[in-house]
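Just so you know, these numbers use all the heavy atoms, side chains as well, and skip hydrogens, waters and symmetry mates. This chain uses plain numbering: 1 for the first residue, then up along the sequence.
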Amino acid sequence: MRILVSVAAVGWVASRVDLRAAVDVLADAPVWLYWVPGCLLIGNTGVHALRVRVLLGAGGVDAPLMTIVGAMLRANFVGLLLPTGGAELAKIGFIARVTGAAEPAAAAILVARLLELIPWTLLLWWGLWWGLWAHAAVLGAAATAFSIAFCAVLATAIFLARAAPNSLKAPPRVEWFVARLPPSLQRLLRRLARSLAQVGADRPRLFLAALLTLPFALINCLVVWLILVGHHTGIAYTDVLAVIPAADAVIALPITIDGVGVRESLFVSALAPFGATRSVAVAVALTRFFGELLRAAVGGLIFIFAGSGSTP
């Protein structure tokens, strides 16, 4: 289904955008535009790895930072062809392989992603205050819907953490459900609950990991801003902070393969009010995608030459 939707989305873009003009824009771009965004995204993977390493420490797991970075880059490589969420499972698998700690790895990845919702929600609110509804209604609707959903997820996580902060005792209904699962799955869930409880009880590490989500979100938007500068589109960084998070929230939905078609369509809607032509907008979207492919390619090289479970 996602393949069909991807084909339809690409067809929709091709019918409304002069792709030859977009290729010309890409050809005229400065050389640095083809490697700087990818390097920044690799650096962002390092920031993410540092957060995960901090959270792993709550479970007594001490792994070298570069080992975690290598595991995450491998996951970015294999995650290109996996369904949504597959890259996160790959991260858990590779980190578990190099640390020997599966449940702490799962808890660290899960909590790291939950903490990312904090700055992303703040950026969505900034976009709404900035005027996303007037700028592009689809982005305003996305920012509103996702900010509500993110707040609900965070509120649920806080409620569960406060309900059982330092124990495995779950609410009766949850225990009733878990008791009806296969014994092996019960043991897995209880070990994961123990790891989550350990992470939740370590407030200093949680606070540090939360602080590290700020540069992660800001670098993502910085990548887009630099691409816009490279394509001679004069948009302020504060405007990018208001527009791109809402677009990224939609791109991340499991609609097409890796956001193909959706990414280009949203960039056309997001950049048109700034005076960017459709061809330039598509070129900007593709340039960002090239940066993501470069990061994945580095992970592929590590995967090939260093194996799937060793340091890079």
Hydrophobic cluster membership, Trp120 vs Leu253, 4.5 Å side-chain cutoff: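 Looking at the clustering, Leu253 is in the same group as Trp120.
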Linked, directly or transitively: Trp32 and Leu41 (ILVMFWY side chains, under 4.5 Å):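 Yes, same cluster.
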Heavy-atom distance under 4.5 Å between the side chains of [X] and [Y], does that happen here?
X      : Y      : value
Asp28  : His231 : no
Leu228 : Leu271 : yes
Leu124 : Leu132 : no
Asp248 : Arg288 : yes
His232 : Val280 : no
Leu286 : Phe267 : no
Val229 : Ile235 : no
Asp202 : Phe207 : no

Aromatic ring pairing Phe77/Phe303, orientation class (parallel under 30°, perpendicular over 60°, tilted between):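 Rings of Phe77 and Phe303: tilted, as their planes differ by 30° to 60°.
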Got a second to check how far [X]'s [atom1] is from [Y]'s [atom2], nearest 0.5 Å?
X      : Y      : atom1 : atom2 : answer
Leu40  : Arg295 : CG    : CZ    : 11.0 Å
Leu208 : Leu212 : CG    : CG    : 5.0 Å
Thr213 : Leu117 : OG1   : CG    : 9.5 Å
Leu196 : Leu110 : CG    : CG    : 5.5 Å
Ile92  : Glu103 : CD1   : CD    : 10.5 Å

Qualifying residues under side-chain hydrogen bond (donor to acceptor under 3.5 Å, both in side chains), relative to His135, sequence neighbours excluded: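 None.
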Counterpart residues, side-chain hydrogen bond (donor to acceptor under 3.5 Å, both in side chains), relative to Trp130 (two or more places apart):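 In terms of side-chain hydrogen bond (donor to acceptor under 3.5 Å, both in side chains), with neighbours along the sequence ignored, Trp130 is linked to Asp239.
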Under the salt bridge (charged side-chain N to carboxylate O under 4.0 Å, His left out) definition, can you give me all pairs with a residue in [range], not counting sequence neighbours?
range            : value
residues 262-287 : Arg263-Glu292
residues 38-67   : Arg51-Glu116, Arg53-Asp62
residues 3-20    : none

Could you tell me which non-hydrogen atom of [X] sits nearest to which non-hydrogen atom of [Y], and how far apart they are?
X      : Y      : result
Asn44  : Pro215 : OD1-O, 3.9 Å
Ala142 : Val250 : CB-CG2, 3.5 Å
Val69  : Thr45  : O-CG2, 4.5 Å
Val240 : Trp225 : CG2-CD1, 3.9 Å
Pro104 : Leu56  : O-CD2, 3.6 Å
Leu115 : Ala209 : CD1-CB, 3.7 Å

Side chain to side chain contact (heavy atoms under 4.5 Å, CB included), paired with Leu33, selected from Ile227, Val284, Leu26: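 So the option named by the test is Ile227.
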For a quick test of your reading: what N or O donor-acceptor pairs under 3.5 Å do the side chains of residues 143-151 make, sequence neighbours left out?
from   : atom 1 : to     : atom 2 : distance (Å)
Thr144 : OG1    : Trp133 : NE1    : 3.2
Thr144 : OG1    : Gly140 : O      : 2.9
Ser147 : OG     : Ala143 : O      : 2.8
Ser147 : OG     : Thr144 : O      : 2.9

